[in-house]
Amino acid sequence: MRRSEARTGRTAPRTARQVLRWLASLLASLLGLVLLTALAGAGPAPAAEHRRDPAVIADNPYQRGPDPTRESITKPGTFATASMTLPADAGFRKGVVYYPTDTGQGTFGAIAFVPGYNGSWAALEWTGPWLASYGFVVMGFEATDPTDGDTPRGTQLLAALDYVTQRSAVRDRIDPHRTAVVGHSMGGGGALSAASKRPSLKAAVGLAPAVFSTDMTTMRVPSMLMAGQRDTTVTPSYTKNFYRQIPASTEKAYVELTGAGHGFPSWTPNPVMMSKVVPWFKIFVDNDDRYSTFLCPLMDSTGISGYQSTCPLLPGGPTPTTNRYEAESAPAVCTGTIDSNHTGYTGTGFCNGDSAVGAQAEFSVDAATAGTATLALRFANGTTTARPTSVAVNGSTVQTPSFEGTGAWSTWATKTLTVALKAGTNTIRFDPTSPAGLPNIDHLDVTTA
Ligand code: GCU
């Protein structure tokens with residue numbers, strides 16, 4: 001059944017020639033859009049595993065903002081926001097972070113947003129303060145190469161989430177375990193690519209998504225796919241086909257905007273789009289079931305020509321558990337000394353590894369089930385030179401993070417990594433790859449779903 005739907009529906013171009021033809025048609029329609037808007041004088045100048053957990057919902061620590069209404073969700077939210085443009089050395093083209101200025105309500109979820117092929121952040125800029133005003137930290141940026149496909153855009157969305165949660169000036173305002181992605185066109189394909197690579201994301205939204213590389217049949221992240229009824233570049237049937245391929249055990253929604261063309265998110269604020277996208281993020285990033293009522297069933301179909309979803313859309317996946325492993329206590333192993341001369345550590349001290357390649361810190365970590373885990377390593381590096389390492393899980397190197405200077409040996413920072421663990425005991429080893437050795441290591445927090 002599904003297979004025949006996939007064959008008869010308009011499927012993603014797979015061969016290089018199909019991709020080129022698709023890009024040509026995309027450019028042609030973008031050109032058409034520019035001409036049309038110029039003529040009009042408008043001018044572009046300016047899952048089963050996510051089902052309800054009553055305990056999570058009854059006392060939801062992530063709920064932010066007042067009770068929403070049918071009217072209020074067509075407008076920006078109530079949080080005052082600010083923004084900051086990222087410096088070039090942050091590694092993102094035109095990166096801007098929008099955030100609520102309120103620091104009195106706990107942390108916020110984070111959302112990364114990337115535009116489409118040759119698309120500019122300026123066209124989507126209006127979405128940054130809008131989403132942030134609902135209580136999210138939002139990072140918008142442009143693809144490293146404007147012609148990047150969906151796969152690199154997905155990689156860059158994940159890098160943006162890692163940047164904003166770990167290194168940005170607003171990282172303390174963010175809950176690094178509640179992150180989501182959104183993109184337009186090739187960026188929409190990027191958002192779905194990111195979600196398939198990092199199933200711990202809470203939500204994904206693909207706006208007219210161009211999907212070239214993602215196997216939607218294994219998608220686990222709650223995904224909203226939005227189409228424009230008159231979009232001839234990423235047509236509604238193309239988008240609906242990918243919606244169908246997402247397994248029924250994953251929460252999903254298909255939303256089609258009446259009369260909209262391919263550029264529906266661009267330049268002009270789109271209240272219909274936001275009245276569906278904001279609830280999606282609120283439900284799955286904030287576990288906020290006050291917003292389920294807008295999408296299940298669809299409360300307001302003004303401007304909507306097609307809608308499907310896996311009602312009931314309910315938040316509250318498995319409550320994540322975090323276990324702390326101190327570097328100074330067995331079964332952790334420290335190739336060096338256990339020191340306590342620099343303040344601010346947790347437990348009774350920290351691992352000061354020998355200044356040598358391979359002088360490692362190793363943790364034994366228990367996982368109830370196999371799956372994705374978030375590692376948060378607390379460290380201090382009082383020098384100004386980053387210390388590169390490799391991270392091996394059960395003997396295989398999975399990542400090569402570098403631990404930058406923290407300003408002082410008594411100033412501790414946390415680096416977050418996502419890895420796969422097996423059920424049972426796992427060894428996680430940090431091996432320095434430069435003669436300076438490891439930074440000082442305080443503890444490892446391991447969060448599993
Ligand atoms: C200093 C510091 C140590 C640190 C070491 C290093 O000696 O006091 O805590 O481990 O530098 O460079 O690694």
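When a residue number appears, it is its place in the shown sequence, counting from 1. Bear in mind that the values here come from a model prediction, so they are computed numbers and not experimental data. As the structure lists them, so they are numbered: ligands from 1, and atoms in each ligand from 1.
Counting only heavy atoms of the protein, atom 11 (O) of ligand 1 lies nearest to Trp409 CZ2, 3.2 Å. Distance from atom 12 (O) of ligand 1 to its nearest protein heavy atom, with residue and atom name: Arg387 NH2, 2.7 Å.
The atoms of ligand 1 that sit less than 4.0 Å from any heavy atom of His342 are 2 (C), 3 (C), 8 (O), 9 (O). The atoms of ligand 1 that sit less than 4.0 Å from any heavy atom of Asn440 are 3 (C), 4 (C), 9 (O), 10 (O). Near Asn352, meaning under 4.0 Å from one of its heavy atoms, ligand 1 places the atoms 3 (C), 9 (O), 10 (O).
For the residue pair Thr346 and His443, a side-chain donor N or O sits within less than 3.5 Å of a side-chain acceptor on the partner.
Classification of Asp286 and Arg178 as a salt-bridged pair holds, one side-chain N sitting under 4.0 Å from a carboxylate O.
Around NZ of Lys197, the count of heavy atoms belonging to other residues, nucleotides or ligands within 6.0 Å exceeds 12.
Gly395 and Thr427 make their closest contact through N-OG1, 4.3 Å (heavy atoms, listed as atom of the first residue, atom of the second, distance). Shortest non-hydrogen contact noted between Leu157 and Val181 is CB-CG1, 3.9 Å.
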